[in-house]
Amino acid sequence: MEEPQLLQQQEEEQSQSVSLQDCLKLLKGERDEQRLAGLLLVTKFCKSDDLVSLRAIYDAVGPHFLDRLSRTGLGKGVVSSGSGENRDAYLQLSVTVLSAFCRVSEIASSKEMVSKVPMIFEVMSMKSGMPVLEECYEFLYLVSTASEDGLTALYESGGIKLLAHQMSALPDGSHLMELAMKLVQLMLKKLSQGIVENDHLSELSVIVTKIARQFALLQNALKFEALHLLSAIFSSEYSTLLHDALRVIQNENWSNHMRDGVATILQNRVAPAEKFEALILAESMVSIKGEGWLIGQINLPNVQDPIPADRCLLLVLESSRVEVAVLLNELAYSKYEASKSSSSTAETIISKQQKVTIVFSLVEKIIKLISNIGETEGHHLDENTFIKAINGLNETIGVVLEYLQDAKEHGQKVGNDLLASVRLVGSYLAEAPVACEDKITELLGYMLSVEGEHESSPFYSVCFLLPMLCQKTMKIEGCKLLASSGGYKAVVDCLMKLIEQNRNGVENNGCIFLACDTIMNLLKMEQITFSEDESTFISLLKALALWTEKTNDPSVVMMASSICTLIFDMTSENALLNHPSLSSSCLDSLSRLIARSLASWGQDMSDAAKADMDLLEIVTAGYSRWADRFPQIQKAVER
């Protein structure tokens with residue numbers, strides 16, 4: 001059996017050798033007719049992987065004739081044999097042989113081929129260019145991968161705009177679509193935030209919607225190419241700009257395609273890196289379309305039975321839970337166990353911290369979705385799904401708390417990963433303040449001490465925990481926990497920083513009032529005493545005096561005077577005046593504050609004052625208790 005095959009192979013090689021010699025003779029001929037005949041022979045017998053023959057043929061015909069042939073095909077010149085009558089044929093022949101020659105990397109990287117990129121663009125924009133469209137894409141891909149100059153020519157000739165225009169017409173899953181996606185991938189290197197914002201935002205958003213269709217519909221290797229490309233785009237420095245552009249696209253098909261693709265990847269056995277890329281896409285889509293994107297009909301190829309609308313939500317949550325566990329375990333090992341001499345340790349930690357940020361963001365958005373599910377129009381979860389989601393969130397938060405416990409034991413308080421962990425815990429406990437009570441009791445003081453890498457003292461960690469603290473301190477157990485851990489000092493410091501920001505024009509009233517409510521809850525509990533920490537509350541009095549000195553906001557006035565009233569229960573005017581850090585002018589401000597709040601009491605109360613009636617009652621009741629110990633305040637009130 002082997003001998004006939006060998007004879008056949010020898011005959012083919014001999015035939016090819018004869019054809020090559022004939023071809024070279026024609027190409028070296030003096031007349032254009034001979035050269036055209038030689039090029040036609042090239043298209044018939046020369047194999048695309050025969051690089052030696054292609055090089056010999058290219059050297060024989062030379063770039064000058066190829067250039068004349070291309071120009072004739074475009075109607076800009078004439079070869080001597082046809083006077084332009086066979087223009088389309090010349091154009092097709094020209095593009096076909098150019099594409100073939102570029103399989104030789106030395107030819108593809110040559111100046112002659114790089115200079116032809118604009119001409120290929122012109123062919124692609126012509127109706128007559130369609131029969132050789134695939135050869136055009138092949139040429140562009142080969143030239144742009146052969147040299148940096150080729151890639152630059154592709155980009156500067158308008159590659160992004162061309163692909164945005166043409167990709168919608170390319171057949172799904174075709175070789176043309178594959179080449180187009182590869183060209184997009186190459187040109188991403190040329191894009192920066194400024195370039196995208198000024199030149200390519202609309203085109204790039206169109207390209208994303210076309211790739212999303214391939215990501216959803218295909219079930220082959222090209223699906224993963226689409227995944228990698230979309231992940232690269234959404235991980236880029238211009239992703240935020242792209243989010244804004246994609247939000248205004250009216251057609252919802254692309255976002256459904258993204259959900260279909262993400263669900264397919266997450267529910268199948270694929271490499272961990274590819275699952276993480278799917279989570280990057282999910283996080284981006286939730287940022288663009290809102291948390292409701294996680295719930296929606298999923299349509300998968302070759303699947304007839306309906307897939308529950310909550311499938312994507314559960315897949316994303318479970319995959320995020322797994323990623324959180326793996327990443328935090330690897331981070332802890334890199335930070336506390338790995339050799340400090342390893343040069344890759346710092347880079348590894350930064351890389352994993354960036355990944356943690358993405359999955360934390362997803363989990364936080366799922367928390368928001370679950371907490372608002374009854375209020376979100378068009379979205380519903382059955383009881384079984386709701387329980388699965390809560391269990392998944394509980395497990396995830398448990399892992400994060402273990403990571404914080406590990407950091408505490410290693411004396412680590414500074415790190416963006418630690419701050420992000422506190423934020424996630426705070427987001428969950430804001431909705432479920434009684435969750436993980438034992439662990440929270442153990443870690444509350446530590447979490448309130450966590451700092452970001454660019455913070456000089458804890459601030460954001462306290463802000464993240466304020467919604468939970470405000471709820472917990474409504475009960476005596478929560479107050480005792482915050483007082484015994486010393487966490488109340490962190491809350492007071494946070495409030496003073498928020499007041500300073502507010503006075504400098506940065507408004508964050510949500511956090512300010514949460515901090516105020518938390519402090520008031522503490523001060524109202526008679527079982528809690530702060531007799532040994534006078535300086536903390538003296539500093540707070542000074543901040544409240546400055547905050548209210550120039551404001552006419554009745555809510556601010558009543559909140560500040562209520563806190564001052566409760567602090568005055570613990571001290572006297574003489575004690576305050578004898579304190580080195582509190583001046584008489586500050587006491588004057590506090591006197592005016594109490595007088596202003598009490599002046600709102602009466603028959604002609606404004607609607608704003610009525611809304612703050614509970615605070616006014618705190619002030620009036622407190623004033624009756626301590627007025628005789630504060631003659632200066634009493635004098636201001638009685639004026």
Side-chain angles (χ1 to χ4, degrees), residues 13 16-17 19-30 32 34-74 76-77 79 89-124 129 131-159 162-163 175-176 178-180 182-183 185-187 189-190:
E13 290 176 354
Q16 183 171 335
S17 176
S19 299
L20 176 60
Q21 296 305 317
D22 293 340
C23 176
L24 292 175
K25 286 180 182 179
L26 289 170
L27 292 172
K28 292 176 181 179
E30 295 180 357
D32 286 344
Q34 293 173 297
R35 295 172 183 171
L36 285 170
L39 287 178
L40 287 170
L41 277 178
V42 170
T43 63
K44 294 183 182 301
F45 84 86
C46 192
K47 295 181 179 179
S48 60
D49 59 352
D50 187 358
L51 304 185
V52 174
S53 296
L54 287 171
R55 177 83 240 193
I57 293 167
Y58 178 76
D59 290 340
V61 69
H64 181 64
F65 179 75
L66 292 173
D67 185 61
R68 284 202 300 124
L69 182 62
S70 301
R71 289 173 60 79
T72 298
L74 290 170
K76 299 178 180 180
V79 294
Y90 291 151
L91 187 63
Q92 291 185 37
L93 177 60
S94 170
V95 174
T96 300
V97 295
L98 285 173
S99 174
F101 289 146
C102 283
R103 294 185 178 279
V104 181
S105 59
E106 292 85 358
I107 298 175
S109 62
S110 66
K111 291 182 179 180
E112 289 78 11
M113 292 301 163
V114 171
S115 68
K116 285 182 171 50
V117 169
M119 182 272 289
I120 294 295
F121 271 48
E122 189 175 347
V123 173
M124 294 170 74
V132 287
L133 191 59
E134 189 161 335
E135 285 83 355
C136 289
Y137 274 93
E138 287 275 7
F139 174 89
L140 292 175
Y141 178 69
L142 292 169
V143 170
S144 57
T145 53
S147 70
E148 187 64 28
D149 288 343
L151 178 55
T152 300
L154 171 68
Y155 172 72
E156 293 183 351
S157 298
L162 177 75
L163 291 172
H175 184 54
L176 272 171
E178 180 180 5
L179 288 170
K182 287 181 176 179
L183 290 173
Q185 181 83 60
L186 288 168
M187 283 188 288
K189 303 174 187 175
K190 293 291 184 182

Look up atom [atom1] in [X] and atom [atom2] in [Y], then write down how far apart they are to the nearest 0.5 Å.
X: Met113; Y: Tyr58; atom1: CE; atom2: OH; value: 4.0 Å
X: Glu156; Y: Leu151; atom1: CD; atom2: CG; value: 9.5 Å
X: Phe101; Y: Thr96; atom1: CZ; atom2: OG1; value: 11.0 Å
X: Leu154; Y: Asp149; atom1: CG; atom2: CG; value: 12.5 Å
X: Leu176; Y: Glu138; atom1: CG; atom2: CD; value: 8.5 Å

ask   = Does any donor atom in the side chain of Ser94 or Ser70 lie under 3.5 Å from an acceptor atom in the other side chain?
value = yes
Heavy-atom check, side chain of [X] versus side chain of [Y], under 4.5 Å:
X: Val117; Y: Phe139; value: yes
X: Met119; Y: Val123; value: yes
X: Leu98; Y: Leu66; value: yes
X: Ile107; Y: Glu112; value: no
X: Leu163; Y: Tyr137; value: yes

key: Lys/Arg cation over aromatic Tyr141: Lys182, 6.0 Å, 45° cone   = yes
